[in-house]
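Scroll down for the structure; my scribbles are underneath it.
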Amino acid sequence: MPELPEVETVRSDLARLACGDEVVEVKVNENRVFRDDPSGGRDLVQMEGQFVSAVMRWGKYLILLVSPDQNYRPVQQFGRSIIPSVDWSDHAVTAVLLHLGMSGQILLLGDRAEDPRHLHLTIGLSSGTRIGFADTRTFGRVLVSSGMGAGPLNEIRHLGADPIQDPCGADLAFDRTSGSVSPIKAQLLDQGRICGVGNMYADEILIRAKVHPRTPGTNLSNRDISALKRSVYRVFEEAISLRGSSLKDMTYKDVSGQPGMFQERHLAYARAGRPCLICGDSIVKERFQNRYSHFCPNCQKLGPCD
DNA sequence: AGGGGCACCTGTATGC
DNA sequence: TGCATACAGGTGCCCC
Ligand SMILES: [Zn+2]
């Protein structure tokens, strides 16, 4: 599943492939990807003839900046705090937002005869490169942002701190954690507090911090909060360097179809019944809010008394 | 206000 | 073999 490290891997590959290229052709095969786009995809088609200025990311959203000016580049293209602070109101720039949902893939396409199934959208570039958006479960979506100017894009205004993009991302993200009774895992999954964490990385963060997923925020010590912050960085930085996690189902692969390698470092996710790599006890799998949590009942205790 | 529940979707795996 | 069911889960919306 594409979460922050997978989307970041796609972002950096796509930036290398597409920056400076002209959008020659936009082809739409499946209108449902535009269900949240006010123009139903027409605005994207009208970008033919414009140029890719940058490929950015906030949480699990990919952000393509497209401009009629071939030489325009946003000031902080490779820096941090891009979305909240850069003022591009003096440029003719449009942001295209892509969310991969559960099974969305950005793919570097080859021969047309070998196009994959569920290819909903293709973007042809002047270099000859064809970029595809394929998505079997169709939870992914694409939309052209309505508002550019100072401050965040309207459509992702609700997102909280991005722990990698924001200089103090994890500090910002955890400032309200111990004031809420919500289970810590629900707080990690809340994109309005910290964005980019999904079910898989939530479990990997929690087991490294030795915190039980159902611990209410109000029961967390300062030590727990510090451990959680450190785990967020540890997990995301290592997962990005290993190009994300690809499981058996291969719902995530990179733009060239290659798997990531962070799944080999998993301590909890998809390891139910196998030994905890810290203490040897069996990892358990437990229903949690329409998903599953994977954790070690010995390393991650719920209360002070058990 | 904020938290819980659910719809959306389809390929794969499992059970009878 | 075939049909039914479970499962994977991010997001947004409804409801309390
Ligand atoms: Zn353990």
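Chain letters run A, B, ... following the sequence lines, proteins first, then strands; residues in each count from 1. Worth saying up front: this structure is predicted, and the values here are computed from it rather than measured.
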Query raised in the report: How many Å lie between NE2 on A:His99 and P on C:dG12, as a whole number?
Result: 7 Å
Report task. May I ask you to say what A:Arg176 touches in the nucleic acid, namely base, sugar-phosphate or nothing, with a heavy-atom cut-off under 4.0 Å? Result -> nothing
Requested in this report: May I ask you to say whether A:Asp135 pairs ionically with A:Arg32, meaning some side-chain N is under 4.0 Å from a carboxylate O?
Outcome: no
Query raised in the report: NA contact type, A:Ser180, heavy-atom cut-off 4.0 Å: base, sugar-phosphate, or nothing?
Result: sugar-phosphate
Query raised in the report: Hey, does A:Tyr61 reach any base, or is it just sugar-phosphate, or nothing, if we go heavy atoms under 4.0 Å?
Result: sugar-phosphate
**Report entry** Separation of atom CD in A:Glu6 from atom P in C:dA8, rounded to whole Å
**Finding:** 18 Å
Query raised in the report: Hey, does the side chain of A:Gln289 come within less than 4.0 Å of B:dG5's phosphate (OP1/OP2), counting only N and O?
Result: no
**Report entry** Salt-bridge contact A:Arg214-A:Glu286 (side-chain N to carboxylate O under 4.0 Å)
**Finding:** yes
Report summary line: Between A:Lys185 and the options A:Asp190, A:Thr215, A:Asn199, the side-chain hydrogen bond (donor to acceptor under 3.5 Å, both in side chains) test singles out A:Asn199
**Report entry** Whole-Å gap separating P (C:dG12) and CE (A:Met102)
**Finding:** 16 Å
Report summary line: The nucleotide from C:dA8, C:dG10, C:dG12 with an atom nearest the side chain of A:Tyr292 is C:dA8
Query raised in the report: Between C:dG10, B:dG11, B:dC9, which nucleotide has the shortest distance from any of its atoms to the side chain of A:His118?
Result: B:dG11
Report summary line: Ranking A:Asp249 and A:Arg141 by the position along DNA chain C of their nearest nucleotide, the one closer to 5' is A:Asp249
Query raised in the report: Charged N to carboxylate O under 4.0 angstrom, A:Glu204 versus A:Arg208?
Result: yes
Query raised in the report: Has A:Arg117 got a side-chain N or O lying under 4.0 Å from the OP1 or OP2 atom of B:dG11?
Result: yes
Report task. For B:dG3, take OP1 and OP2 only and decide whether either is under 4.0 Å from a side-chain N or O of A:Arg193. Result -> yes
Report task. Check whether any side-chain N or O of A:Arg137 sits under 4.0 Å from OP1 or OP2 of B:dC8, and answer yes or no. Result -> no
Report task. Look at all strands and tell whether A:Lys285 reaches a base, only sugar-phosphate, or nothing, counting heavy atoms closer than 4.0 Å. Result -> sugar-phosphate
Query raised in the report: Between A:Thr136 and A:Asn290, which has a closest nucleotide on DNA chain B that is more 5'?
Result: A:Asn290
Report summary line: Whole-Å distance, A:Gln191 CD to B:dG2 C1', equals 17 Å
Report summary line: Rounded to whole Å, CG of A:Leu62 lies from C1' of C:dG10 at a distance of 15 Å
Requested in this report: Check the distance between C:dC13's P and A:Glu155's CD and give it to me in whole angstrom.
Outcome: 12 Å
Report task. Using a heavy-atom cut-off of under 4.0 Å over every strand shown, decide if A:Thr251 touches base, sugar-phosphate, or nothing. Result -> nothing
Report summary line: Atom NE2 of A:His158 and atom P of C:dG10 are separated, to the nearest Å, by 14 Å
Query - Presence of salt bridge, A:Arg42 and A:Asp37, under 4.0 angstrom - result: no
**Report entry** Nearest-nucleotide comparison on DNA chain B, the residue closer to the 5′ end among A:Asp190 and A:Arg32
**Finding:** A:Asp190
